[in-house]
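Reviewing the structure listed below.
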Amino acid sequence: QVQLVESGGGLVQPGGSLRLSCAASGSIFSISDVGWYRQAPGKERELVATITSGGSTTYTDSVQGRFTISRDNAKNTVYLQMNSLKPEDTAVYYCNMKVWIMVSRMGNDYWGQGTQVTVSS
């Protein structure tokens, strides 16, 4: 019923920037909380940033001041602007959304397919 498609990943040098996008489509009534996660090989998945339906944001300490999460409710899209990238930011990044479905008004978590971010000189 709902698909999340991520884009914007790639290879960037340390100090560079990338913007990730996560666009939801399908039988969407509304989207509440959204989170960006990342997972590096051999590492546990970690929560990077969140944004509520009201626009309140949180960040993990390691990205505070460098990353910005935002959303465009009209487009059902969430963004992660990543500046001053470091090699330790290298990971697969996943978008997660709590989506309320049309007609049924059921709320479910959905995940994007993941997009690779590699920070290397």
Side-chain angles (χ1 to χ4, degrees):
Q1 290 181 286
V2 174
Q3 292 188 62
L4 273 57
V5 178
E6 299 181 31
S7 62
L11 175 64
V12 65
Q13 294 184 347
S17 298
L18 286 173
R19 187 181 69 159
L20 306 183
S21 298
C22 180
S25 62
S27 301
I28 300 169
F29 176 75
S30 65
I31 300 172
S32 56
D33 294 351
V34 175
W36 282 99
Y37 295 77
R38 67 186 181 187
Q39 187 166 25
K43 305 290 186 179
E44 294 184 354
R45 183 186 64 183
E46 67 170 336
L47 179 62
V48 176
T50 67
I51 185 167
T52 69
S53 59
S56 298
T57 60
T58 68
Y59 301 91
T60 190
D61 288 344
S62 62
V63 308
Q64 182 73 48
R66 300 187 297 119
F67 290 12
T68 303
I69 187 172
S70 61
R71 63 194 294 168
D72 186 336
N73 291 332
K75 297 180 179 179
N76 292 327
T77 300
V78 178
Y79 306 94
L80 185 67
Q81 178 67 46
M82 304 183 294
N83 298 326
S84 301
L85 283 162
K86 304 174 181 179
E88 51 263 44
D89 295 318
T90 296
V92 178
Y93 284 70
Y94 298 92
C95 177
N96 174 268
M97 297 186 184
K98 178 67 175 294
V99 180
W100 299 87
I101 307 301
M102 295 284 289
V103 181
S104 71
R105 301 296 189 269
M106 294 177 59
N108 297 105
D109 285 338
Y110 291 89
W111 290 88
Q113 81 280 9
T115 184
Q116 177 71 50
V117 172
T118 302
V119 185
S120 179
S121 58

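Along the sequence shown, the residues carry numbers beginning at 1. Remember, predicted model here, so these are calculated numbers, not experimental data.
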Carefully, step by step, assess Met97 and Cys95 under the rule side chain to side chain contact (heavy atoms under 4.5 Å, CB included).
CA-CA 7 Å; Met97 297 186 184; Cys95 177; 3.9 Å; yes

Measure from the side-chain N and O atoms of Thr77 to the backbone N and O of Lys75, and report whether any donor-acceptor pair falls under 3.5 Å.
yes

side-chain contact (heavy atoms from CB on, under 4.5 Å) filter on Asn83, not counting sequence neighbours, yields Ser17, Gln81

Who are the side-chain hydrogen bond (donor to acceptor under 3.5 Å, both in side chains) partners of Thr58, not counting sequence neighbours?
Thr50

Which residues pass the side-chain contact (heavy atoms from CB on, under 4.5 Å) test with Ser104, sequence neighbours left out?
Ile101, Met106

Go through the steps for Val78 and Trp36 under the test side chain to side chain contact (heavy atoms under 4.5 Å, CB included), then give the verdict.
CA-CA 9 Å; Val78 178; Trp36 282 99; 3.6 Å; yes

Residues two or more places apart in sequence or in another chain: which of them pass side-chain contact (heavy atoms from CB on, under 4.5 Å) with Arg45?
Tyr37, Gln39, Trp111

Can you name the residues that form a side-chain hydrogen bond (donor to acceptor under 3.5 Å, both in side chains) with Thr68, not counting sequence neighbours?
none

Please determine whether residues Leu80 and Val92 belong to a single hydrophobic cluster, defined as Ile, Leu, Val, Met, Phe, Trp and Tyr linked transitively by side-chain heavy-atom distances below 4.5 Å.
no

Can you list every ring-ring contact (aromatic ring centres under 6.0 Å, His included) pair that touches residues 53-82, not counting sequence neighbours?
none

Is a side-chain donor or acceptor of Ser84 paired with a backbone partner of Gly15 at a separation under 3.5 angstrom?
no

Show me the side-chain donor-acceptor pairs of residues 20-27 shorter than 3.5 Å, one per line, residues at least two apart or across chains.
none

Glu88, CD atom: more than 12 neighbouring heavy atoms under 6.0 Å:
yes

Taking every heavy atom of Thr60 against every heavy atom of Leu47, the minimum-distance pair comes out as CB-O, 3.6 Å

Around atom CD of Gln3, are there more than 12 heavy atoms of other residues, nucleotides or ligands at under 6.0 Å?
no

Please, which pairs that meet ring-ring contact (aromatic ring centres under 6.0 Å, His included) have at least one residue in residues 80-110, sequence neighbours excluded?
none

If I compare all heavy atoms of Arg71 with all of Ile31, which pair ends up nearest, and what's the gap?
NH2-O, 3.0 Å

Summary of salt bridge (Lys or Arg N to Asp or Glu O under 4.0 Å) pairs that have at least one residue in residues 95-113, sequence neighbours excluded
none

Verify same cluster id: Leu4, Ile28 (apolar side-chain graph, 4.5 Å)
yes

Among residues two or more places apart or on two chains, list those pairs meeting salt bridge (Lys or Arg N to Asp or Glu O under 4.0 Å) that have a residue in residues 47-66.
Arg66-Asp89

Tell me which pairs pass ring-ring contact (aromatic ring centres under 6.0 Å, His included) where either residue lies in residues 3-34, with sequence neighbours left out.
none

Considering all heavy atoms, the nearest Pro14-Ser121 contact:
CD-N, 3.6 Å

Suppose we screen for side-chain contact (heavy atoms from CB on, under 4.5 Å). Which residues come up paired with Ser120, at least two apart in sequence or across chains?
Leu11, Thr118

What distance do Ser56 atom OG and Ile51 atom CD1 have between them, rounded to the nearest 0.5 Å?
8.0 Å

For a side chain to side chain contact (heavy atoms under 4.5 Å, CB included) check, start with the C-alpha distance between Val117 and Thr90, then their side-chain angles and the critical distance, and finish with the verdict.
CA-CA 5 Å; Val117 172; Thr90 296; 5.9 Å; no

CD of Gln116 to CD of Glu6: how many Å apart, nearest 0.5 Å?
11.5 Å

In Å, rounded to the nearest 0.5 Å, how long is the span from OG of Ser30 to CG of Asn73?
9.5 Å

